[in-house]
Amino acid sequence: MKILSIETSCDETAAAVTEGRRVLSNVVFSQINIHKKYGGVYPALAKRAHEEKLPIVVKKAVKNAGIDLGEIGAIAVTFGPGLVVALEVGLRKAKKLASELKKPLIPVNHLEAHFYSCWAQNRNGRPLREFAFPFLGLVVSGGHTSLILVKNHLDYQVLGQTLDDACGEALDKAAKVLGLGYPGGPIMEELSLKGDPDFLDLPVPMKTHPGLNLSYSGLKTSFKNRVARLSQKTVRKNLPGLAASFQQVAFEAILVKLKRALLTTGTKNLVAGGGVLANKKLRLLIKQLALKLGVKVFFPPFPKLVGDNAAMVGVAGYYKYQEGIYLKKNFDPLDRIARPDLNLWTKNPPGVAKRAR
Ligand code: KG4
Ligand code: ZN
């Protein structure tokens, strides 16, 4: 069955066609140029850009897959968490398509979609990775920094998450403090390669705090204060060292909690997704930790699956469909679950009938 999937939870307008785990097309329109001058996502502009681009992106996804709309067997859509005004654009379009095509609608949680990006395959069914349950899922992105224990396709348990800013958001804000561009994550990575991570001695957030939650707002403030005490000339001359110091501590915070989560749960599989995983240093640190603990680690197999995309939504949707989690005719219950404070949707989202197994 071919699934047409839609993702509009933040600043990427995305649509894809998938068949099982195979990605037949994956179209992403990034709104970075629109939000750049604000140094972050501007909700009203995101909504407008999604409305403008989504119809085009959907058409392109169908065309690139080499099929016509009539061959689509189901629609999958991200219903949260994310920016409500942005999510609503995707939900509206998905409902419309499902009604017109008389096909089921599969609601997919954005965080679980990031995990399924690790199981996506190309057109030829590569790579041949097997699912590895149970796994510890780590999402590190502009909106989330979460540790989730995943026992099977339906059973999720949030172990810890950031209490304020996400890691990517913190990198973006630190870059702004340094007068760099947006998004800051890739710029910070590039600068860090040439900088001394011990240039500034910054506190690792929540290091001695028990539990698995994280926090970045204190680190952001102490970085801002430390930079404000330096002359502009010193800042300009030491951008690599400043970036490297911030990045090191931001990643160390994740590594501390990740190690704790792996040790306390005894999980032997780690699945990591989200935009910040594009960072080679972070991947290396995670791989080194996994090796030390004898844990198998999975990252998205292709660069286009790392940040927000719809292919991951289609792959996740396929497994939800297999489990009988989809809406058939009445799509209204979806309106009630598209909320920003949405915790990870697990077994029974409202209105979704679960097939007796
Ligand atoms: O997953 P994503 O595309 O969107 C969200 O769901 O938020 O992640 C975007 C985030 C941004 O904060 C961006 O700065 C960060 O990922 N990012 C990076 C890198 N590439 C993107 N952070 C560090 N290093 C990178 N190479
Ligand atoms: Zn994301």
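Residues: numbered from 1 along the sequence shown. Small disclaimer: the values here were computed from a predicted structure and weren't measured. First listed ligand is number 1; within each ligand, the first listed atom is number 1. What you see below is based on every heavy atom in this structure, not just the backbone, and it leaves out hydrogens, waters and symmetry mates.
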Nearest to atom 22 (N) of ligand 1, what protein heavy atom do you find, and at what distance? G185 CA, 3.3 Å
Taking the side chain as C-beta and beyond, is there a heavy-atom pair between T13 and Q31 under 4.5 Å? yes
Using a 3.5 Å distance criterion without hydrogens, assess whether the side chain of D164 forms a donor-acceptor pair with backbone atoms of Y216. yes
Is R283 close enough and on-axis enough to F299, meaning under 6.0 Å and within 45°, for cation-pi? yes
Check: L149 and Y156 side chains under 4.5 Å, non-hydrogen atoms: no
Taking V77's backbone N and O only, do any of them form a donor-acceptor pair with S5's side chain (distance below 3.5 Å, no angle check)? no
For atom 3 (O) of ligand 1, which protein heavy atom lies nearest, and how many Å away is it? D308 N, 3.2 Å
Mark up the atoms of ligand 1 that fall under 4.0 Å of a heavy atom belonging to G168, in ascending order. 12 (O)
What are the protein N/O/S atoms, named by residue and atom, that sit under 2.8 Å from the Zn ion (ligand 2)? H110 NE2, H114 NE2, D308 OD1
Report yes if the side chains of L270 and K296 come closer than 4.5 Å at any heavy-atom pair, otherwise no. no
For atom 1 (O) of ligand 1, closest protein heavy-atom neighbour: G275 N, 2.8 Å
If you measure every N/O of G142 against every N/O of ligand 1, is any gap under 3.5 Å? yes
Would you mind running through ligand 1 and noting each atom that sits below 4.0 Å from a heavy atom of G307? 1 (O), 3 (O)
Could you check if a side-chain atom of L171 sits within less than 4.5 angstrom of a side-chain atom of V276, using non-hydrogen atoms only? yes
Distance to 0.1 Å, residue and atom name: give those for the protein heavy atom nearest to atom 13 (C) of ligand 1. D172 OD1, 3.8 Å
Determine, step by step, whether H110 and F79 satisfy the ring-ring contact (aromatic ring centres under 6.0 Å, His included) criterion, reporting the C-alpha distance in whole Å, the side-chain angles of both residues, the deciding distance to 0.1 Å, and the verdict. CA-CA 7 Å; H110 184 75; F79 72 88; over 10 Å; no
For atom 26 (N) of ligand 1, what's the nearest protein heavy-atom neighbour? Residue, atom name and distance, please. E189 OE1, 2.8 Å
Sequence neighbours left out, what pairs pass salt bridge (charged side-chain N to carboxylate O under 4.0 Å, His left out) with at least one residue falling in residues 47-58? K47-E51, E51-R92
Looking only at heavy atoms, is any part of H110 under 4.0 Å from ligand 1, and if so is it the side chain, the backbone, or both, or is it neither? side chain
Can you find an N or O of C10 that's nearer than 3.5 Å to an N or O of ligand 1? no
I need the single residue from Y326, W119, F131 that forms a ring pair (Phe, Tyr, Trp, His ring centres under 6.0 Å) with Y319. Which is it? F131
For G143 and ligand 1, does the shortest N/O to N/O distance drop below 3.5 Å? yes
Given V276, N279, V306, which one has a non-hydrogen atom that is nearest to atom 24 (N) of ligand 1? N279
Would you say R126 and Q121 make side-chain contact, with heavy atoms under 4.5 Å? no
Less than 4.5 Å apart, side chain to side chain, heavy atoms only: is that true for I3 and I106? yes
